[in-house]
2 protein chains.
Amino acid sequence: MWDMTEPRWLNADERRAWLALVSINTLLPAALDTKLHTAGKLSLFDYTVLAMLSEAEGRFLPMSELAARSSASLSRLSHVVTKLQKRGWVERRPHPHDARVTTAHLTEEGMATIVGLAPGHVEDVRDLFLDALTEQDVLDLARIGEKVVGRLDADHWILRES
Amino acid sequence: MWDMTEPRWLNADERRAWLALVSINTLLPAALDTKLHTAGKLSLFDYTVLAMLSEAEGRFLPMSELAARSSASLSRLSHVVTKLQKRGWVERRPHPHDARVTTAHLTEEGMATIVGLAPGHVEDVRDLFLDALTEQDVLDLARIGEKVVGRLDADHWILRES
DNA sequence: GCAGCGTGGTTGATTCTTCAACTAGGCGTC
DNA sequence: GACGCCTAGTTGAAGAATCAACCACGCTGC
């Protein structure tokens, strides 16, 4: 026997929050994607992958770790790394101590690409998103956002103790 | 001459808010997509389209209006409506007074589908998202979310006076 | 030392999305 | 009433995401 009671439909505020989130979800990446695509022929996800590598110690990461930091499946990442590799921005190398592991390394050109793109991208993020918010909003959003991420993935890397 | 000054990089809280939003953005739709796909072989976007039609007066909407309410391009919507049409959930009809307009109508089967899916979907939304939040969080998120949507698209339908 | 299981990663097919090009009808102006 | 422009929508091709199948390696227990 399953629960036959009437489902708890969303109340007005829950609906507002939900609809806003879904809308942001489609509008924001789309806007940043087109910005990045005109600036450098890459997607927001491509950019994120390069950014995560550029911030990593030694500018390389195992594929799994890179997947975690870009919230992507290993499969998706593997396809994208292949593409970035063809453009000369990333290299794959075998891990010295564990033959199962592949590490993705940011090349010099890859670094140059992201260094060139970063200022414009940060401006876009401010322009499309952060500039709409007060300091308190940013704080609230960080708090709420991390709660939601924690519910979706309790071990998510952004929640790791720093 | 363009602005040569150092870009304003994100501070710690801005970065937290931004990273959380990007993560939610990839994790939440993915989770709901797989839930909906196992429940009824449709994506979150398919569901949204059916839901918007089911809530519309007369259960039909012009393609452009439906596109606006699902935050999609007309092109994307057109492809999806073709797919939903093949499954018998939606019908296309010419608009009686403006021959340019096509209206998408929810069929009886389409209505039955969404009525069957809705309770589970609402449960999932609560489970994956709303249950992580307090009432105050929901209120804050609605406020902040609508600000962001307004910045991305000042005329967005969710901001229309009701 | 090898059988079995879990982990890390890749691949190819299918599905989805986007983009650019195009059809076609409405509206304004002269 | 015909020219140009705008709005509404469709289409096909190209690029991207997902899914399931798969390979290879490491670890554990025997």
Side-chain angles (χ1 to χ4, degrees), chain A residues 25-38 40-50 60-87 90-105 155, chain B residues 22 25-38 40-49 60-87 90-105 155:
Chain A
N25 227 287
T26 42
L27 296 175
L28 227 195
L32 285 169
D33 266 333
T34 57
K35 289 267 187 189
L36 280 170
H37 209 267
T38 59
K41 292 248 175 206
L42 36 62
S43 69
L44 179 57
F45 184 70
D46 300 339
Y47 180 92
T48 304
V49 168
L50 296 177
F60 68 89
L61 286 172
M63 293 293 281
S64 326
E65 181 59 24
L66 186 51
R69 296 200 191 180
S70 45
S71 304
S73 68
L74 219 29
S75 167
R76 180 178 181 187
L77 179 65
S78 183
H79 284 296
V80 167
V81 165
T82 305
K83 186 183 72 179
L84 297 177
Q85 207 172 9
K86 282 184 192 149
R87 299 195 190 161
V90 167
E91 271 175 29
R92 271 186 238 245
R93 301 194 200 149
H95 189 283
H97 301 320
D98 186 340
R100 287 171 306 179
V101 174
T102 308
T103 51
H105 295 246
D155 302 325
Chain B
V22 171
N25 228 286
T26 42
L27 296 175
L28 226 194
L32 285 170
D33 265 333
T34 56
K35 288 268 187 189
L36 280 169
H37 204 83
T38 58
K41 292 251 176 204
L42 36 61
S43 69
L44 180 56
F45 184 70
D46 299 339
Y47 180 92
T48 305
V49 168
F60 67 91
L61 287 171
M63 293 294 281
S64 325
E65 181 58 25
L66 186 51
R69 296 199 191 180
S70 46
S71 303
S73 68
L74 218 28
S75 168
R76 180 179 182 188
L77 180 65
S78 184
H79 284 296
V80 167
V81 165
T82 304
K83 186 184 73 178
L84 297 177
Q85 207 171 9
K86 281 184 193 150
R87 298 194 191 163
V90 168
E91 269 175 30
R92 271 187 239 246
R93 300 192 201 152
H95 190 282
H97 302 321
D98 186 341
R100 289 172 305 179
V101 175
T102 308
T103 51
H105 296 248
D155 302 325

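All values reported here derive from a predicted model rather than from experimental measurement. Naming: A, B, ... by sequence-line order, numbering from 1 per chain. Because only heavy atoms are used, hydrogens play no part in the values below, and waters and symmetry mates are left out as well, while side chains stay in.
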Keeping [X] on the side-chain end and [Y] on the backbone end, is there a donor-acceptor pair under 3.5 Å?
{"X": "A/Thr103", "Y": "A/His95", "result": "no"}
{"X": "B/Thr48", "Y": "B/Leu44", "result": "yes"}
{"X": "A/Asp46", "Y": "A/Ser43", "result": "yes"}

>> Once side-chain hydrogen bond (donor to acceptor under 3.5 Å, both in side chains) is applied, do any residues pair with B/Arg69, and if so which ones, sequence neighbours excluded?
In response: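 Here the qualifying residues are B/Glu65.
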>> If the condition is side-chain hydrogen bond (donor to acceptor under 3.5 Å, both in side chains), which residues does A/Ser70 pass it with, not counting sequence neighbours?
In response: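 Scan of A/Ser70 (side-chain hydrogen bond (donor to acceptor under 3.5 Å, both in side chains), adjacent residues dropped) gives none.
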Between atom [atom1] in [X] and atom [atom2] in [N], what is the gap in whole Å?
{"X": "A/Glu65", "N": "C/dT7", "atom1": "CD", "atom2": "C1'", "answer": "15 Å"}
{"X": "B/Asn25", "N": "D/dA17", "atom1": "CG", "atom2": "P", "answer": "13 Å"}
{"X": "B/Leu32", "N": "D/dT18", "atom1": "CG", "atom2": "C1'", "answer": "16 Å"}

> Under the 6.0 Å and 45° cation-pi test, does A/Arg76 pair with A/Phe45?
Replying inline: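 Yes, a cation-pi geometry.
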> Mind checking what makes side-chain contact (heavy atoms from CB on, under 4.5 Å) contact with B/Thr82, not counting sequence neighbours?
Replying inline: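 Applying side-chain contact (heavy atoms from CB on, under 4.5 Å) to B/Thr82 gives B/Lys86, B/Arg92.
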>> The criterion is side-chain contact (heavy atoms from CB on, under 4.5 Å); which residues satisfy it with B/Arg87, sequence neighbours excluded?
In response: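 Residues passing side-chain contact (heavy atoms from CB on, under 4.5 Å) with B/Arg87: B/Leu42, B/Lys83, B/Trp89.
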> Counting only non-hydrogen atoms, which of residues 97-104 of chain B are less than 4.0 Å from DNA chain D?
Replying inline: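 Residues of residues 97-104 of chain B that come under 4.0 Å of DNA chain D are, in numerical order, B/Arg100, B/Val101, B/Thr102.
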> Base, backbone or nothing for each nucleotide of nucleotides 11-20 of chain C, written B, S, -, heavy atoms under 4.0 angstrom, 5' to 3'?
Replying inline: BB---SSBB-
